[in-house]
Amino acid sequence: MTGTTATATGTAAGDTASRVLVLNSGSSSVKYQLLDMRDSSRLAAGLVERIGEQTSRLVHTPLGGGGGDKRERTGPIADHAAALKAVAEELAADGLGLDSPELAAIGHRVVHGGLRFSAPTVIDDAVLAEIERLVPVAPLHNPANLTGIRTAMDLRPDLPQIAVFDTAFHTTMPESAARYAIDVETADAHRIRRYGFHGTSHAYVSRETAKLLGKAPEEVNVIVLHLGNGASASAVKGGRCVDTSMGLTPLEGLVMGTRSGDIDPAVTFHLKRVAGMSTDEIDVLLNKRSGLVGLCGDNDMREIRRRIDEGDERALLAFDIYIHRLRKYIGAYYAVLGRVDAVAFTAGVGENAAPVREAAIAGLEELGLAVDADLNSVRSEEARLISPEYARVAVAVVPTDEELEIATQSYALVRGVNA
């Protein structure tokens, strides 16, 4: 199942409908944005958090028509159904209600699509069943995504609901990159392979990097570094992902805020045998008590840099380990691609932490990489080059926009246009 066409649903959406509501449903939160795809403008955005608690909170920001004052609700929001109803009320207060004929689709971020979904997909019962079947490989994310989808379908059963999968962009990886070197029958029986994540970000940033270079995506080879609390790298050859750092789960790869990234698998056996830790305890250790927070107690790069400036050796070691892993992946993906046209930094750390960008590229001059200190120090929300003119390989900062990517893919699908 590589994606469902939208011939039937395009008409249902209406010829004049141009708005897409993007929903990112977590276990206790819903992030949302409403976009008008005629000009990719944002009409509203918001967050519902602590769903199911007495201290629930909804923050809504009108953005269209000059914007408006941010509004906040506090108090118990029992479940995702109540959360989406509250979102609908806030949108309606701005004249942007979910009953509007201008709403073309609701686009849902779904973390894991396995191998079945390599494109945005119109959601039906079969798609829901497959997303549910993938819960064992995404137990923290897919159940929450499903809850948001079902709630939205109840609210607007007549409207196309589109799933855009984090893993989809990475389904173009060759088997040599996607398979682990374990028994094939065991791997296939339990769907064990490298899927990769942050795919909407890698797709968007690689395409925007090509645009920055004045070229078509098919002409450009890019190493994308998505550096946030979660972090991943990808090798994108001519617009197609050929390798990525995350694997079966988002634990593999780079050092992250709370995740270890690459680690000898035997560490888990050792902890079980020698430390007497249970599987669940090891899971918590590697996913929530490792990475930067495990190394120095902080997972905020700004705080780590502040501590380094004050002479904190533990923070410095954490930073050095983070950079070492990052540079190793840059070198590895350079080898995978053979020719690199650009290295693009994105996400919270990648877009804002100039010392990380400088340190990651330092010493790679023989590969044609360099950073201009003055350009690197500039803070901007625009995509930009930070490499000197003489550099053979461009180094770019490209702000990611996963919501716009989800909206773009969803709208293209319901309009019957290839995303």
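No experiment lies behind these values; they were computed from the predicted model shown.
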Might you work through the salt bridge (charged side-chain N to carboxylate O under 4.0 Å, His left out) test for Arg179 and Asp188, ending with a clear yes or no? CA-CA 10 Å; Arg179 278 200 176 268; Asp188 289 348; 3.0 Å; yes

Hey, could you give me the CG/CG distance between Asp99 and Leu91, rounded to the nearest 0.5 Å? 10.5 Å

So for atom [atom1], which belongs to [X], do other residues, nucleotides or ligands contribute more than 12 heavy atoms lying within a distance under 6.0 Å?
{"X": "Arg384", "atom1": "CZ", "result": "yes"}
{"X": "Asp39", "atom1": "CG", "result": "yes"}
{"X": "Arg38", "atom1": "CZ", "result": "no"}
{"X": "Glu49", "atom1": "CD", "result": "yes"}
{"X": "Glu310", "atom1": "CD", "result": "yes"}

Taking NZ, NE, NH1 and NH2 as the nitrogens, is one of them in Arg73 or Glu90 under 4.0 Å from a carboxylate oxygen of the other? yes

Counting only N and O atoms by type, is there a donor-acceptor contact under 3.5 Å from the side chain of Ser245 to the main-chain atoms of Leu254? no

Per the ring-ring contact (aromatic ring centres under 6.0 Å, His included) rule, what does the pair list look like for residues 222-257, sequence neighbours excluded? His198-His226

Just grab all the ring-ring contact (aromatic ring centres under 6.0 Å, His included) pairs involving residues 326-365, residues at least two apart or on different chains. Tyr329-Tyr333

Side chain to side chain contact (heavy atoms under 4.5 Å, CB included) involving [X] - partner list, sequence neighbours excluded:
{"X": "Lys211", "answer": "Glu208"}
{"X": "Ile192", "answer": "Tyr180, Ile182, Ala187, His190"}
{"X": "Thr172", "answer": "Arg240, Cys241"}

Apply salt bridge (charged side-chain N to carboxylate O under 4.0 Å, His left out) to residues Asp401 and Arg42 and explain how you reach the verdict. CA-CA 12 Å; Asp401 198 332; Arg42 285 167 175 75; 2.3 Å; yes

In this structure, which one of Asp166, Thr200, Asn145 forms a side-chain hydrogen bond (donor to acceptor under 3.5 Å, both in side chains) with Arg109? Asp166

Taking salt bridge (Lys or Arg N to Asp or Glu O under 4.0 Å) as the test, write out the residues that go with [X], two or more places apart.
{"X": "Arg191", "result": "none"}
{"X": "Glu389", "result": "none"}
{"X": "Arg193", "result": "Glu175"}
{"X": "Arg392", "result": "none"}

Identify the residue among His141, His112, His170, His202 that makes a ring pair (Phe, Tyr, Trp, His ring centres under 6.0 Å) with Phe197. His112

I want to check something: taking the side chain as every heavy atom from C-beta on, are Leu58 and Leu47 in contact at a cut-off of under 4.5 Å? no

Check whether any side-chain heavy atom of Leu35 lies under 4.5 Å from a side-chain heavy atom of Ser41, and answer yes or no. no

Verdict with reasoning, Arg71 to Glu89, per salt bridge (charged side-chain N to carboxylate O under 4.0 Å, His left out): CA-CA 12 Å; Arg71 303 193 294 270; Glu89 290 169 4; over 6 Å; no

Considering residues at least two apart in sequence or located in another chain, which fulfil the side chain to side chain donor-acceptor pair (under 3.5 Å) criterion with Asp312? Arg307

Determine whether Thr151 and Asp154 satisfy the following criterion, side-chain contact (heavy atoms from CB on, under 4.5 Å), listing intermediate values before the conclusion. CA-CA 5 Å; Thr151 302; Asp154 288 341; 5.6 Å; no

Cut-off 3.5 Å, no hydrogens considered: what does the side-chain donor-acceptor table look like for residues 346-356, sequence neighbours left out?
from: Thr346; atom 1: OG1; to: Glu351; atom 2: OE2; distance (Å): 3.3
from: Thr346; atom 1: OG1; to: Val398; atom 2: O; distance (Å): 2.6
from: Thr346; atom 1: OG1; to: Thr400; atom 2: N; distance (Å): 3.0
from: Glu351; atom 1: OE2; to: Ala347; atom 2: N; distance (Å): 2.9
from: Glu351; atom 1: OE2; to: Thr400; atom 2: N; distance (Å): 2.9
from: Asn352; atom 1: OD1; to: Arg379; atom 2: NH2; distance (Å): 3.3
from: Asn352; atom 1: ND2; to: Gly348; atom 2: O; distance (Å): 2.8

Ring pair (Phe, Tyr, Trp, His ring centres under 6.0 Å) involving Phe319 - partner list, sequence neighbours excluded: none

